[in-house]
Every structure is written in C-alpha cells, then in structure tokens.
Amino acid sequence: MNVGRLFQMTKKDIRLVTREGFFLFMIIMPIFMSLALNAALGSVGTSAPTVGVFGESELIPLLEQEPSIHLVTADSEQGLRNNVLEGEYDAGIAFESGSPPRVLVSGKSLLNDRLTVGATLVKVYREQMGAENVVSFDTKVVGGEEYPLRIRMVPFLLIISAMVGGLILSSSLVEERELKTLNAVLVTPITPLEVVMAKTLFGLFLGLVLGTIILVLNGSLTGGLYLVLLFLILGTLFAVGLGLIGGVMMKNITDLITRMKIVGVFLWFPALVLLFPSIPQWLGKFFPTYYFVHPILAITQDGATLSDIWWEGVILLAIDVVVLLFASRVLRERMTGKTFRV
Amino acid sequence: MIIEAETLTYSYDEHLAVDHISFSVDKGEILGFLGPNGAGKTTTTKMLTGQLIPQEGWAKILGIDISSDPKKVHERIGVCFEEKNLYPRLTVRENLKFFADLFGINPDLDELLKRVDLTKWADDRAETLSKGLQQRVMFARSLINDPDILFLDEPTSGLDPISADAIRQIIVTEKRKGKTIFLTTHNMMEADKLSDRVAFINEGKIVALDTPENLKLKLGKRALKVRMRTQTGFEEETLPLDDPKTPERTKDLLKTKEVATIHTQEATLEEVFIQLTGRKLEQ
Ligand SMILES: Nc1ncnc2c1ncn2[C@@H]1O[C@H](COP(=O)(O)OP(=O)(O)OP(=O)(O)O)[C@@H](O)[C@H]1O
Ligand SMILES: [Mg+2]
C-alpha cells in the first residue's frame with residue numbers, strides 16, 4: 001500500500017467530483033436541506049430555550065439577566081401550562097409564596113435545552129440563597145415525550161449523508177469502469193487494491209464530514225460526542241460497503257441510479273418511522289439503518305449512554321461485517337481475470 | 001528477448017479470441033501486429049500488458065512473468081489504448097500529470113505536449129477535444145514514464161495524415177533511442193513502413209511472421225500492369241513478372257494495341273495477407 005499513490009488518486013477524484021453538477025448537487029443537498037429546515041422550523045438548537053414564568057419571586061429579575069435562557073411572563077398559570085404543553089415554552093416556572101417553585105418541562109423540548117434551563121435555575125437559586133443550600137425543585141414533564149419535527153428530520157438527513165458517501169464511491173468506480181479509465185490506471189504502478197482503497201476512504205470521509213455537518217447544523221452534536229461519532233462511523237461504513245458492491249456490480253451510472261432508488265427506499269424506511277410517531281416504532285427495527293440513526297437520536301436527545309444502546313451498536317457492527325465481507329467477495333469474483341485484480 | 005510470448009490463449013466465454021500464439025520481440029525492434037477486425041490483436045495486447053490473464057501459455061516482458069508480477073512490469077512500459085479512455089473532466093495537462101503522479105515522477109510536461117503538438121490545448125478539458133486530438137493525448141500519456149517498451153494499439157487511427165505521420169515520426173525516434181515497440185494496426189502501409197518485422201494475425205492465430213520485405217518476396221506477386229486505349233476507353237491487363245510467357249505477351253501487346261502506360265506493380269502486404277488468409281485487412 002503506497003499512501004502517496006492513494007493520495008494522488010483521491011486528489012484526482014475530488015477534481016472529478018467537483019466538476020460534475022450531479023455529484024456536487026448530491027454533496028450539497030443534505031446541507032442545503034438542513035439549512036432550509038432551520039429556516040422553516042426555527043433553529044431551536046442554536047438559540048436560548050424559552051422559559052415562561054408566572055407568579056412573583058425575587059428570582060425573576062435574576063433569571064431575566066441570564067443570557068442562556070429567554071424569559072417570558074405568562075398571563076395565567078393555565079396559560080403557562082398550555083404553552084409548555086404545546087412546546088411554545090421549553091419550560092415554565094410557577095412561583096407560589098411558601099412552596100418551592102414548580103418547574104414544568106415540555107415533552108417536546110430538546111435535551112440540550114432542558115439541561116440549560118436546569119443549570120440556569122440552580123445557578124440563580126444558589127446565588128440568591130447561598131451556595132450551601134440544597135436545591136430542590138418540583139419538576140414535571142408536561143405532554144408526551146416526543147422529539148420536535150426538526151429533530152425527527154435528522155435521521156433522514158443522516159441517512160442521506162451516509163448514502164452520498166456510498167454513492168460517490170460507487171459512481172466513481174462505475175464511471176472509471178464505464179469510461180475504461182480504470183484500464184489505463186491499472187497498467188501503472190498503482191494496484192487495484194490501492195484504487196479501491198482510495199475511493200472507499202474518500203467515500204467514508206465524505207459521508208462522515210457530511211454527517212457531522214448535519215448534526216452540528218441541527219444542534220444535535222452536544223452530549224456523548226465519541227459515542228455519536230462511533231455510530232456515525234459504523235453507519236457510514238454500512239453505506240460505503242453498499243456503495244462498493246454497487247460500484248463493482250453495476251454496468252453504468254444509469255443502472256446505478258435506478259437501483260439506488262430502490263435501495264434508497266429500504267434505507268430510508270426507519271427515518272420515515274421516526275418521523276411519524278404514530279407509526280409503530282418497532283417496525284423500524286427490521287431495517288439496518290435503524291441501528292444507525294436511532295442510537296444517535298437516543299444519545300443526542302435522551303442522553304443515552306453506551307450501556308443503554310450497546311446492543312444496537314453490536315447489531316450495526318454485525319451488519320457492517322456482513323456487507324463488507326460481501327463487498328470483498330464481489331470484488332474478487334467480478335474483477336478477477338478481467339480488467340481488475342485484487 | 002524483451003517480449004516473449006508462449007502459446008498465449010484467451011477465449012471470451014465460448015469464443016476463442018487468441019489461439020496458442022508464440023512470438024518474441026528483440027530490444028529496439030518494432031513488431032507490427034497486423035490483422036483484420038476481430039483478429040485478436042487487442043486481446044493479445046491485453047495479455048501482454050497484464051490486463052487479461054492468459055488462460056493458457058505465458059508472456060515474459062523484460063524477463064518478468066507479466067501474470068505473476070505485473071506491477072514490476074508496469075513501471076517500465078507505456079500502453080496506448082485502442083479505445084479512448086481519458087478523464088473527460090480533467091484538462092489535457094491534468095490527465096498527463098495524474099499519470100505522472102501515479103508513476104511518482106515529475107516529467108517535463110510542456111516538452112511532452114510540444115512533441116505531440118498539443119500545447120495549444122493543454123488547458124482544455126479532454127471532453128472538449130476532437131477525436132484526433134484525444135488520440136494524441138492518449139499517445140502522449142503512453143510516453144509519460146519514458147518506457148522501455150511501448151504497446152501501441154492502433155495509435156494513428158482517426159488521425160489526419162499529417163498528425164498520423166507526426167506520431168509515426170515519434171515512434172521512429174523512440175525506436176532509435178533503443179525502445180522496443182509492439183505496434184498493433186490494420187493499416188498495412190504503416191506496418192510496412194515502420195516495422196522491423198510484421199506478424200499477420202487472423203482468427204486468433206499468427207499466420208506469418210517475418211520482415212516486410214521477406215513476406216512480400218515470398219508471397220507477393222510482382223507484376224506488369226499494361227493499360228491500353230480502345231475504341232470505347234481503356235483496357236487493362238496484369239502480367240505476372242515470374243511467368244515465362246510474360247515477355248512474349250508484352251511484345252504482342254505493344255505491337256497490336258495502343259499501349260498507354262506500363263507499370264511494374266510491387267507486391268503489398270495487403271496482397272500477401274489476402275493470399276495467406278483469403279480475406280482483406282480492411283473491410
Ligand atoms: N470483452 C469481450 N467479450 C466478448 N468477446 C470479445 C470481447 N473483446 C473481444 N471479443 C471478441 O474477441 C475477438 C478478438 O477481439 P479483439 O478485440 O482482440 O480483436 P482486434 O484484432 O483487436 O480487432 P479490432 O481491429 O477491431 O480492434 C473478436 O471476435 C471480439 O468479438
Ligand atoms: Mg483491437
């Protein structure tokens with residue numbers, strides 16, 4: 001394996017990709033969709049959570065000065081409750097003289113926002129009452145625990161990002177086979193394995209970068225960074241493995257795109273399930289990409305840790321192994337003794 | 001021997017494309033590989049360059065078995081393909097540079113572009129070039145690593161006569177530098193002019209292999225072509241030079257007819273080929 005030649009191959013592939021509108025479109029599409037969603041549905045992740053208050057307390061002026069939350073006053077206790085229920089407020093605080101403040105958390109609010117509200121409240125309370133005081137709130141989650149629409153779109157975008165990595169890999173392989181440029185490349189010192197490696201690593205890299213951008217744009221990359229990254233790598237590896245198989249088996253780009261549409265539906269199904277909470281959620285579990293996107297949602301939105309989702313990781317890893325083994329088999333079978341030898 | 005091939009055989013599924021062919025090429029030699037469409041020229045080239053593994057037989061290039069150690073051979077050969085396979089969205093220069101990078105070398109690209117007269121198109125994308133210009137890029141690419149052996153599969157096809165001659169000139173220059181050249185063509189003039197030896201290939205088999213002169217001498221017919229004026233126009237008669245009756249007949253014609261021209265006709269490789277195979281080189 002000669003790293004220099006891998007790098008030259010990748011440099012050339014980047015040039016080719018950036019000079020074809022279709023490839024560029026594929027890369028830009030998920031980013032564009034994220035930005036469009038942010039514009040349409042509000043960028044919850046990036047702005048401060050909205051906190052409604054009702055009642056009287058010396059804490060209110062202090063809370064008002066906190067930049068990490070956006071404080072609004074409700075006209076009635078019932079109004080406060082309703083707004084929290086609808087997700088209009090991420091949280092609401094009802095102050096009553098004599099009893100500790102009651103904190104209502106919206107079931108629709110993001111994990112990140114809940115943590116911010118909690119931390120801000122504790123900080124302000126301690127400033128007021130003295131650091132030694134044990135802080136206790138009466139906290140209640142109001143409304144069904146469901147992710148806001150914006151978050152429910154994230155699995156779609158993640159699957160697209162991973163697929164773009166796989167698709168760039170397969171179209172690049174198919175194009176080189178179709179145009180026979182591969183034949184010219186393979187009578188130079190570069191080995192077939194190096195060619196495949198360069199393209200695979202490029203696809204993987206592209207998928208990972210896109211996936212990370214999607215998570216950042218959607219304000220999801222908060223907690224459990226390494227764990228999210230692990231699932232992102234495993235999920236992208238799955239798509240790249242599929243890309244490799246397609247790149248070896250498809251005759252030309254048109255064929256590839258036709259098949260991709262069919263495979264795409266299969267890959268997107270779990271995202272569809274997660275998008276509509278009314279669909280029985282267990283249906284998603286029959287599809288491989290469920291084990292890619294569900295854990296990422298669980299980590300970023302519910303604060304899941306490895307002990308909660310390790311088994312989903314094991315399943316995804318097993319799927320990866322199967323796909324990659326199959327890919328290496330078709331590589332050997334389809335290309336041995338013809339124009340390509342690994 | 002720089003190229004050695006022994007009973008090379010390849011079939012695509014049921015179709016036998018190359019049928020137990022053996023030959024060798026010396027250092028500094030140009031071997032013309034001449035045959036009609038579908039004769040198996042490209043398939044042979046692919047086996048010699050490690051793109052296809054022979055189903056029978058073997059080939060040694062520079063003393064190295066191509067099937068067992070192709071990469072060692074690839075360092076030192078240049079291949080010009082029959083089908084154009086440039087990167088369409090890379091410029092001419094980028095196409096050449098990429099291949100130089102794969103060899104890990106840094107040749108003078110301007111000089112190379114000048115040699116094939118492509119300087120004007122250096123920064124144009126390959127997809128925008130005419131077929132003939134693309135062919136010139138293909139040829140330049142095969143020279144990029146200053147190879148010891150050139151495998152050229154119809155390098156002048158699709159070129160205008162001037163460009164084709166320019167390419168032939170470069171082939172001769174390379175030969176003078178001591179390079180060995182395996183030249184595939186179905187242009188018999190080209191084979192005749194350039195080759196030290198010519199191999200005739202037909203239906204996967206080598207039917208003759210010798211210097212162009214020997215082939216023509218052995219098998220070609222030298223003849224006298226007599227053209228005569230008649231009442232309605234012209235009449236032609238071809239008299240074989242080796243025929244003992246020819247002198248008598250010539251005298252006869254000169255006496256009795258109004259002879260317009262008499263030409264000696266030399267044997268061509270084309271005729272030799274027809275004699276050997278019963279088919280024409282170009283259809
Ligand atoms: N990939 C392939 N699959 C099936 N048959 C093939 C393939 N390539 C070539 N053949 C067949 O093998 C035979 C030899 O083909 P080849 O390309 O070697 O001929 P050639 O002498 O180079 O012809 P041309 O002058 O047209 O380039 C032909 O009959 C051709 O139809
Ligand atoms: Mg050919």
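Letters A, B, ... are given to chains in the order of the sequence lines, protein chains preceding strands, and every chain is numbered from 1. Just so we're clear, the structure is a prediction, and the values are computed from it rather than from any experiment.
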In terms of heavy-atom proximity below 4.5 Å to chain A, should [X] be classed as side chain, backbone, both, or neither?
X	result
I144(B)	neither
Q55(B)	neither
F103(B)	both
Y87(B)	both
K72(B)	neither

Non-hydrogen atoms of chain B under 4.5 Å away: do they reach the side chain of E20(A), the backbone, both or neither?
-> both
Judged by atom type as modelled, is there a donor-acceptor pair below 3.5 Å linking the side chain of K71(B) to the main-chain atoms of T188(A)?
->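 Yes, K71(B) side chain to T188(A) backbone: donor-acceptor pair under 3.5 Å.
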Candidate pair K180(A) and E82(B), rule salt bridge (Lys or Arg N to Asp or Glu O under 4.0 Å), full reasoning = CA-CA 11 Å; K180(A) 308 246 163 77; E82(B) 179 180 21; over 6 Å; no
Student check: side-chain heavy atoms of [X] and [Y] closer than 4.5 Å:
X	Y	value
Q8(A)	K97(B)	no
V185(A)	F99(B)	yes
R125(B)	R19(A)	yes
I190(A)	L102(B)	yes
D101(B)	F7(A)	no

Between CD on residue E83(B) and OG1 on residue T181(A), distance to nearest 0.5 Å | 11.5 Å
